[in-house]
There are 2 protein chains.
Amino acid sequence: MPENREVTIYDIAKHLNISAATVSRGLKNNPMINKNTRKKIADAAKQLGYQSNTFASSLRSKHTHTLGVLVPRLNSYFMSSVLAGMENAANRHGYNLIIAQSLEDAEKEKLNAETMFNKRVDGLLISLSYNTQHINHLEPFFKRKIPVVFFDRVYPHNESTSIVINNYGAAYNITQHLIEQGCRRIMHLGGNVLRNVYKDRLDGYRQALNDNRLPVIQQLYLTSNLSEQAGIEAARYILDMAPDDRPDAVFSANDTAAVYCMLTLKAAGIRIPEDIAFAGFNNDPISKVIEPNLTTVDYSGDTVGNTAVTNLINHLKGDSNLYITNSITLRSDLVIRASSLKKQIARN
Amino acid sequence: MPENREVTIYDIAKHLNISAATVSRGLKNNPMINKNTRKKIADAAKQLGYQSNTFASSLRSKHTHTLGVLVPRLNSYFMSSVLAGMENAANRHGYNLIIAQSLEDAEKEKLNAETMFNKRVDGLLISLSYNTQHINHLEPFFKRKIPVVFFDRVYPHNESTSIVINNYGAAYNITQHLIEQGCRRIMHLGGNVLRNVYKDRLDGYRQALNDNRLPVIQQLYLTSNLSEQAGIEAARYILDMAPDDRPDAVFSANDTAAVYCMLTLKAAGIRIPEDIAFAGFNNDPISKVIEPNLTTVDYSGDTVGNTAVTNLINHLKGDSNLYITNSITLRSDLVIRASSLKKQIARN
DNA sequence: TGAAATACTGCAATCGGTTGCTTAAAGATC
DNA sequence: GATCTTTAAGCAACCGATTGCAGTATTTCA
């Protein structure tokens, strides 16, 4: 037993007294090859314990059946759902995922992009870091026509597709909902407006206020990284205000900040939604556990991931053309729960 | 500008009138090559827009700087923390991660393992699916001496390392804690005992009961997949019992089932911890949001991932030898919160 | 029956780096 | 000044699969 050397198509070829070319074709079920021969090749492969060498193949054939995924952080509920959706779709089509995180750092994003390129991924799926300013680091991909799909945190670019939801509309609706519940001083906890998701949510919030002839109050707009800590600090900020200046509702651009803000306010004796109504974004599991349950926007990470990968692969297979599709907007739903129901009776 | 062809080391070589071998060595900063020449090569590479081709290199050099990660599911808080930790450690050492999920299905696990092997990962990190019975599908790795590291859901094997926590001890302690709070009829929500984590937690629970001369009651042991739904069903099961037969505490093998069980019981008017105390496992974010806050076992997914990858890479670099290390047990902490405090005053 | 079409299979170049071995030049030693 | 080191660089085989083109056997059809 040769412990060391790999079993290659040459071993199979020698074993069957045929050429390596035939073995290669046979293993791919190329109809050029006689059915019997194919069978013999498959049997011999199994018998000899042959395992194809992917990158020998990639070297020659110029595609790797690997997609690069570059996200800000791996460990959020939303992102892990996206990845799960991506992995599923990719796996179904025989593709693999190389995954890296930028940790919200533009520099690291750049380095990771380079690695992905060097690994010659067939396509790139990317959600931008918190402070990415430009996408020069993706130039090598564009130059070599390697398709790039942006998702969630996207960047306008006319040779790649973006997978998004209507952040503007969802924020508008949720703000409108709060207004309908009688709220007049609605605070917004937002993120970096460099990122479309936060910019659009802010715009939707403002437009809804405008359309209802409500003033946009500077003091009621806080921007942060929307972490647990940021939620707690927002609560302190509110508690430090004169009672009359306090908001009567908070719309947070994510659920985490909303929930930790609620917890802190509740501990200080503020009643929710009676004193302050709450709404978040993402439909994170914690939104269903907090009491009262948090009104939020549901949008499926799984679907985002699935759509992004499916479109990318269809493009790679030539079934469709990504360059034509500029952006795909997925469905999102306003999920109304007790945290925002000032008027009606709260339900779970 | 040649749009199509890649820029290769040959282009650099021609450009500088030196050999490709020198370029190859120069790019790797091989001290055999004169410093000036190295500089010239680096400059030319940048100027020509050279990007190394990883798999051409892998083909010859026999290592890919890629690690395979095979998990049951991507979208759980714990697993995404593990992945984040892994990615971090891997990135730091110049390694990449190919990630796939088995979706708790042994068959898919097998297929994914094969793909990973074909991609010639330098090492494999795996947490077993819910119903994996054996690890024959990892034989190709063992045969070719590709190191395998199990984490969390492990399998005894004397040529690979396992990264675990002391599930038995943690479960023992948490049960002991509940007993000290005066609980006598402690229910356990467990998972498939095929998996060490659930088996060990069950054993720890039982041993604690034994050591306190408490009976192990058949009706108070439920096994499930520990999903939200399973938590709800466990609650219904409890509510269906005659009040005197009901448990006075529930120890769940994960937080998700514990939390949804609590929510359902609370809705039915059961007081926690007065009527039934609760303890979970994992320190999932929801455990800090549920009221009362859930007593649980904290163990850092990030550390698990980090440790697994670091050990694997050290082995690959020859700095240490995995075959000697049979298992690494990481620290875990009992986090006591209000859900189990029958005696003392609950605190957040 | 002979020519053309069809069905298989093989030859050999190729993908882009890597590396053992050799060679050439410069420097050191006595 | 001859021999030995040391340093730097090149030659060419190699990794394992793929594929355009060519070659041979078999079938088809007039």
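Residue numbers start from 1 in every chain, and the chains themselves are labelled A, B, ... in the order their sequence lines are given, proteins ahead of strands. What you see is a predicted model; the values in this text were computed from it and never measured.
We find that CD1 of Ile9(B) is positioned 15 Å from P of dA9(D), with the value rounded to whole Å. One can place CG of Asp11(A) at 13 Å from C1' of dC15(D), the figure rounded to the nearest angstrom. For the pair Leu48(A) CG and dG16(D) P, the computed distance is 15 Å after rounding to whole Å.
Across all strands, Ile33(B) comes closer than 4.0 Å only to sugar-phosphate atoms, never to a base (heavy-atom distances).
Residue pairs meeting the ring pair (Phe, Tyr, Trp, His ring centres under 6.0 Å) criterion with at least one member in residues 8-28 of chain A: none, sequence neighbours excluded. Residue pairs meeting the ring pair (Phe, Tyr, Trp, His ring centres under 6.0 Å) criterion with at least one partner in residues 306-326 of chain A, sequence neighbours excluded, are His315(A)-Tyr323(A).
Taking the C1' atoms of five terminal pairs at each end of the helix from dT1(C)-dA30(D) to dC30(C)-dG1(D), the two resulting helix axes are inclined by 40°, rounded to 10°.
Residues that satisfy the ring-ring contact (aromatic ring centres under 6.0 Å, His included) test with Tyr130(B), not counting sequence neighbours, are absent from this structure. Partners of Arg92(B) according to the side-chain hydrogen bond (donor to acceptor under 3.5 Å, both in side chains) rule, which considers only residues two or more places apart in sequence or in another chain, are Asn306(B). Residues passing the ring-ring contact (aromatic ring centres under 6.0 Å, His included) test with Tyr50(A): none are found, sequence neighbours excluded. Residues forming a side-chain hydrogen bond (donor to acceptor under 3.5 Å, both in side chains) with Asn326(A) (at least two apart in sequence, or on another chain): none.
In this structure, Asn88(B) contributes its side chain and Leu103(A) its backbone to no donor-acceptor pair below 3.5 Å. His93(A) places no side-chain N or O within 3.5 Å of a backbone atom of Tyr95(A) that could act as its donor or acceptor partner.
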Which side-chain N or O atoms in residues 71-85 of chain A pair as donor and acceptor under 3.5 Å with protein atoms at least two apart or in another chain?
{"residue": "Ser76(A)", "atom": "OG", "partner": "Met79(A)", "partner atom": "N", "Å": "3.1"}
{"residue": "Ser80(A)", "atom": "OG", "partner": "Ser76(A)", "partner atom": "O", "Å": "3.2"}
{"residue": "Ser80(A)", "atom": "OG", "partner": "Tyr77(A)", "partner atom": "O", "Å": "3.1"}
{"residue": "Ser81(A)", "atom": "OG", "partner": "Tyr77(A)", "partner atom": "O", "Å": "2.9"}

In residues 17-26 of chain B, what donor-acceptor pairs under 3.5 Å come from side-chain atoms, sequence neighbours left out?
{"residue": "Ser19(B)", "atom": "OG", "partner": "Ala21(B)", "partner atom": "N", "Å": "3.4"}
{"residue": "Ser19(B)", "atom": "OG", "partner": "Thr22(B)", "partner atom": "N", "Å": "3.2"}
{"residue": "Ser19(B)", "atom": "OG", "partner": "Thr22(B)", "partner atom": "OG1", "Å": "3.1"}

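Contacts with DNA chain D (heavy atom under 4.0 Å) in residues 18-32 of chain A: Ala21(A), Ser24(A), Arg25(A), Lys28(A), listed by number. The stretch residues 52-60 of chain A comes close to DNA chain C through Leu59(A), Arg60(A), each having a heavy atom under 4.0 Å from the strand.
Note that the first and last nucleotides of DNA chain C, 5' to 3', having any atom under 4.0 angstrom from a heavy atom of chain A are dC8(C) to dG16(C).
Heavy-atom minimum distance, Arg38(A) versus Asn30(A): NH1-O, 3.0 Å. Taking all atoms of both residues into account, the shortest heavy-atom contact from Leu312(B) to Leu124(B) is CD2-N, 4.2 Å.
Note on Glu104(A) versus Arg153(A): salt bridge recorded, some NZ/NE/NH1/NH2 to OD/OE distance being below 4.0 Å.
Between Thr37(B) and His63(A), the residue anchored nearer the 5' end of DNA chain D, judged by the nucleotide with its closest heavy atom, is Thr37(B).
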